[in-house]
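Order of listing sets the numbers, starting from 1, for every ligand and every atom in it.
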Amino acid sequence: MDRLFEKAKKVLTNNWQGRYTIPAAGIYPFQWNWDSGFIAIGWAHFDITKAVKEIDSLFNAQWTNGFLPHIVFWDEASDKAYFPGSDFYRTHLSSHSINAHGTSGITQPPVHAFILEKLLAITNKDEQVVGLIKKLFNPLFQYHRYLYKERDPLREGLVYILHNWESGTDNSPAWDGIFSKMDQFVPNYDIQKLRKDTLHVNEKQRPKNREYDFYLYLVEVIKNSKYRTEPIFKKSPFLVQDPLFNALLIRSNESLIKLAELAGESGKIEQIEAWQEKAVQSLNDKLYDEKMGTYLYFDLKSNKKIDKITSSGFAPLLTSAPDAVKVKRLTATMNGKKFKGENGRYFLCPSFDTTAEAFESQRYWRGPVWLNMNWLLYQGLQRHGCPKLAEEIKKDSLQIVGEQGFYEYFEPEKEKSKWMDGKGYGGATFSWTAALVIDFLKSERGGE
Ligand code: GLC
């Protein structure tokens with residue numbers, strides 16, 4: 001344990017940039033939104049000041065309408081090192097962007113209020129964390145308000161993502177149907193010349209070139225709309241209600257309610273509870289699928305659920321939404337043939353249904369195990385009284401990192417992983433992997 005802990009500390013320390021932590025050297029050289037949340041959990045166990053700074057820095061880049069960008073390109077010069085960088089996003093087109101730092105113009109899953117609640121528990125109410133909560137309560141409230149105001153035009157309590165990168169699960173097979181329709185009209189951007197990721201990571205582990213065309217096209221639609229959601233909602237081919245994004249928003253609402261008094265903001269509780277009630281109801285009514293035994297994505301464009309089972313579909317376990325019957329179905333799916341495989345063939349939890357045709361064990365979000373998802377599912381399983389499965393996820397997570405290293409994502413097939421020569425997939429010294437291993441090793445206190 002001590003060796004793994006020391007190694008994890010080293011990963012975070014090496015990736016620290018003075019006011020934030022890069023996800024991984026080379027491939028991700030800036031600050032990423034939800035990464036910062038997970039990373040702060042790791043720091044909180046041995047350097048609270050850095051945990052606080054990490055989150056505080058991210059909120060420095062918040063736009064005036066509450067929007068929180070998914071990348072902050074602190075160092076403009078290193079923009080050359082990454083594509084698409086701030087030049088591509090041209091966020092000055094929005095009247096709400098702030099000029100101080102280049103940012104992207106899309107967001108990522110809203111983990112931060114949940115993370116603040118965790119930081120408070122891990123640090124035993126450290127005064128720096130209390131100060132951060134007081135400072136950020138209102139910005140967090142504004143962010144959630146932005147999401148409900150701008151991303152829920154049907155006023156049903158579920159927010160949509162307008163880009164696959166907003167899901168945090170970039171190339172999930174969930175988008176395949178939408179992208180295959182876009183194939184007819186999306187141009188070829190000659191992406192091979194632009195992308196930088198494949199300079200750092202084997203292309204077999206990354207999204208394909210043609211998929212990158214779709215990603216860029218969607219940013220173009222957003223820019224053409226000057227980052228205003230009304231025209232985006234009319235024009236964009238990609239409008240998806242994502243169970244992970246919505247579950248984290250609901251879980252974070254719950255944290256805001258819990259933290260309101262400490263922050264001296266009890267007056268906001270009523271509004272958050274109103275969001276919450278509708279959100280929980282709609283999550284169950286609209287995204288839960290009894291037959292598939294999971295929560296699904298909803299495609300607002302075709303007005304249909306997307307029938308792909310991903311690990312994001314289990315994320316509502318983080319919330320009060322699933323009742324005992326749903327919990328039983330969800331855990332049976334996770335613990336069954338599709339995810340665990342016959343005779344426990346796979347480490348928990350593959351990011352995608354291993355029995356589906358689109359499953360690819362090494363390509364990013366199309367199959368590999370990710371530590372942030374495992375950590376979230378662990379919290380959710382604990383919450384709903386499934387300690388056995390929760391412990392299994394934790395055990396698998398520590399084994400996989402112990403054997404494969406502090407990688408970005410991991411081979412799920414146990415037999416295959418034996419031949420990987422101590423290597424996982426993607427970025428090699430990945431910050432949230434290190435941070436969440438630290439939490440798994442150190443903390444039972446932060447659990448629910
Ligand atoms: C990838 C992941 C995303 C993460 C980012 C930086 O794009 O899919 O979830 O935030 O890398 O680590």
Trainee: Just wondering, more than 12 heavy atoms not from D421 lying within 6.0 Å of its CG?
Mentor: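 Atom CG in D421 is not crowded, with 12 or fewer foreign heavy atoms closer than 6.0 Å.
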Trainee: Is the shortest N/O to N/O distance between Y364 and ligand 1 below 3.5 Å?
Mentor: yes
Trainee: Indicate yes or no: does an N/O atom of W370 lie under 3.5 Å from an N/O atom of ligand 1?
Mentor: no
Trainee: Side chains of W43 and T21: is there a donor and an acceptor less than 3.5 Å apart?
Mentor: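 Note: W43 and T21 side chains meet the donor-acceptor criterion.
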Trainee: Considering heavy atoms of the protein only, find what lies nearest to atom 12 (O) of ligand 1 and give residue, atom and distance to 0.1 Å.
Mentor: D35 OD2, 2.6 Å
Trainee: In ligand 1, which numbered atoms sit nearer than 4.0 Å to a non-hydrogen atom of W34?
Mentor: 3 (C), 4 (C), 9 (O), 10 (O)
Trainee: Report yes if the distance between the aromatic ring centroids of F314 and F339 is under 6.0 Å, otherwise no.
Mentor: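 Ring-ring flag for F314/F339: true, centres closer than 6.0 Å.
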Trainee: What residue and atom, counting heavy atoms only, is the protein's closest point to atom 7 (O) of ligand 1, and at what distance?
Mentor: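 Answer, as residue, atom name and distance: D170 OD2, 2.7 Å.
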Trainee: Which word best sums up how the rings of Y215 and F179 line up, parallel for under 30°, tilted for 30 to 60°, or perpendicular for over 60°?
Mentor: tilted
Trainee: Of all the heavy atoms in H70, does at least one lie under 4.0 Å from an atom in ligand 1?
Mentor: no
Trainee: Applying side-chain hydrogen bond (donor to acceptor under 3.5 Å, both in side chains) between S36 and each of H112, Q108, E54, report the one that passes.
Mentor: E54
Trainee: Looking only at distances, please establish whether an N/O atom of ligand 1 is found under 3.5 Å from an N/O atom of W432.
Mentor: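 Such a contact does not occur with ligand 1.
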Trainee: Judged by modelled atom types alone, do Y378 and Q382 share a side-chain donor-acceptor pair under 3.5 Å?
Mentor: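 There is such a pair between these side chains.
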Trainee: Does the plane of the ring in Y28 sit parallel, tilted or perpendicular to the ring in Y82? Use 30° and 60° as the thresholds.
Mentor: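 Ring orientation, 0 to 90° scale: tilted.
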Trainee: Say whether N253 and Q276, considering side chains only, have a donor N or O and an acceptor N or O under 3.5 Å apart.
Mentor: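 Their side chains do contain a donor-acceptor pair, which is all the 3.5 Å distance test asks for.
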Trainee: Under a 4.0 angstrom heavy-atom cut-off, which atoms of ligand 1 come close to W32?
Mentor: 5 (C), 6 (C), 10 (O)
Trainee: Are any of the N/O atoms on F430, whether in the backbone or the side chain, positioned under 3.5 angstrom from an N/O atom of ligand 1?
Mentor: no
Trainee: For ligand 1, which atoms, with element, lie under 4.0 Å from some heavy atom of Q108?
Mentor: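 Atoms satisfying the 4.0 Å criterion: 3 (C), 4 (C), 9 (O), 10 (O).
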Trainee: Are any of the N/O atoms on W365, whether in the backbone or the side chain, positioned under 3.5 angstrom from an N/O atom of ligand 1?
Mentor: yes
Trainee: Can you tell which of G37, G168, P23 gets a heavy atom nearest to atom 3 (C) of ligand 1?
Mentor: G168
